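The structure appears right after this line, and notes come after that.
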2 protein chains.
Amino acid sequence: MRDTYLLGEAANVTGGQVVFRSECPSRPILDQIADKWSMMIMAVLERPTRFNELMRRLEGVTQRVLTQSLRRLERNGMIRRTVLPTSPVGVEYSLTPLGESLREPFGHLYAWTVEHSAQIQQAQQAYDHGTTPTA
Amino acid sequence: MRDTYLLGEAANVTGGQVVFRSECPSRPILDQIADKWSMMIMAVLERPTRFNELMRRLEGVTQRVLTQSLRRLERNGMIRRTVLPTSPVGVEYSLTPLGESLREPFGHLYAWTVEHSAQIQQAQQAYDHGTTPTA
DNA sequence: CAGCATCCAATTAGATACTG
DNA sequence: CAGTATCTAATTGGATGCTG
């Protein structure tokens, strides 16, 4: 017995009300994977990629933040870190099957942002002008 | 001409390399909508909801953060703020059509986190134990 | 090459008190 | 009821220098 909410699978229904509990396991997960760098990293990791190539392809990311994001994704089982037996040392990052499976929902979300970015910018301008537009 | 990446619609292809530009409009959008409270707020806003009911149903959110999240969602055109002509003053939040259209990609992402949360927790424990599991 | 360590600036969040 | 204001604590991020 549950009503027709799209989100909230892990939320509890208390007295007919959907409540998003703080112990819900989806919370830290969303926190960790739904940030912009994670999404872009996983986009680039369509194929195995080296650290410096990742840096070059994610314009604006710093070494520190990229490293942290990679560690977190690795810890969450989304990516694999492979040390290559080359001379100056090389590290390659690649998606795990779990990470692969995230590409699809991420893709939907990303596609949505691209499709609606113009509309969102309009809304922002309208809001910043005189609050709340007619649209 | 573009290769088969799922994400990166708005990225530029330079010399055969997909580069995620810092001016890409999807960046601030992802920043703003892909945080945990926005997702949960929009989940609750399946139907119009008052401020205090939102607070009650989003366990752990503070008044301050909820207000900020709501303002941001409103600014981005995702939700509408309606002042009700009741006696002590009531405010009702509801999704705009734009916000409605986000529920589907959000739903996919949320469903994914629920489906895979056990697997992710396993990966985390394995990582925290002795780095990088066999899986 | 692929980081880690450190320092510091800035942003964000919690707690608390007050208001139309 | 639905916030705003303020202060402070904690987190995050950039910059820089160093290393196996």
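Within every chain, numbering begins at 1; the chains are lettered A, B, ... in the order of the sequence lines, protein sequences first and strands thereafter. Given the structure is predicted, the values throughout are model-derived calculations rather than measurements.
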- Query: Would A:Glu46 and A:Arg103 count as a salt bridge (charged side-chain N to carboxylate O under 4.0 Å, His left out) if you check the C-alpha gap in whole Å, the side-chain angles of each, and the deciding distance to 0.1 Å?
  - Reply: CA-CA 9 Å; A:Glu46 185 173 37; A:Arg103 281 179 63 86; 3.7 Å; yes
- Item | Chi angles and distances behind the side chain to side chain contact (heavy atoms under 4.5 Å, CB included) call for A:Val91, A:Thr82 | CA-CA 6 Å; A:Val91 176; A:Thr82 312; over 6 Å; no
- Task: Check the pair B:Thr96, B:Ile79 against side chain to side chain contact (heavy atoms under 4.5 Å, CB included), reporting the backbone distance first and the verdict last.
- Result: CA-CA 5 Å; B:Thr96 61; B:Ile79 67 176; 5.5 Å; no
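Between C:dC1 and A:Arg50, no contact under 4.0 Å exists linking OP1 or OP2 to a side-chain N or O. Between A:Tyr93 and C:dC1 there is no side-chain polar atom (N or O) within less than 4.0 angstrom of OP1 or OP2.
A straight line from CG of A:Asp31 to P of C:dT12 spans 15 Å, rounded to a whole angstrom. At whole-Å resolution of the value, CG in B:Asn52 and P in D:dT4 are 13 Å apart. The CD-P distance, from B:Gln63 to D:dA2, rounds to 10 Å in whole Å. Atoms CD (B:Gln32) and P (C:dT11) sit 14 Å apart, rounded to a whole Å. Atom pair B:Glu92:CD and D:dC1:C1' shows a separation of 13 Å (rounding to whole Å applied). Regarding B:Leu84, its CG atom lies at a distance of 8 Å from the P atom of D:dA2, rounded to whole Å. Going from atom CZ of A:Phe51 over to atom P of D:dG20 covers 18 Å, rounded to whole Å. Straight-line distance from the CE atom of B:Met55 to the C1' atom of D:dT4: 15 Å, rounded to whole Å.
When each of D:dG3, D:dG14, C:dA2 is scored by its nearest atom to the side-chain atoms of A:Arg81, the top-ranked nucleotide is C:dA2.
Ring orientation note: the planes of A:Tyr93 and A:Phe51 are tilted relative to one another, at an angle of 30° to 60°.
Proximity of residues 64-73 of chain A to DNA chain C (heavy atom under 4.0 angstrom from any strand atom) is restricted to A:Arg64, A:Thr67, A:Arg71.
Comparing A:Trp37 and B:Val89 along DNA chain D, the residue whose closest nucleotide (by nearest heavy atom) sits nearer the 5' end is B:Val89.
Atom CD in B:Glu100 sits 4.5 Å away from atom CG in B:Leu95 (nearest 0.5 Å). In this structure, B:Gln119 CD and A:Ser101 OG are separated by 7.0 Å, a value rounded to the nearest 0.5 Å.
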Give every pair of a protein N or O atom and an N or O atom of nucleotides 8-10 of chain C that lie under 3.5 Å apart, one pair per line with the distance.
none

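The closest side-chain donor-acceptor pair between A:Ser22 and B:Glu59 falls under 3.5 angstrom.
The six-membered or imidazole ring of B:Trp112 lies near that of B:His116, with a centre-to-centre distance under 6.0 Å.
A:Arg81 has no carboxylate O lying under 4.0 Å from a charged side-chain N of A:Glu74, or vice versa, which leaves the two without a salt bridge.
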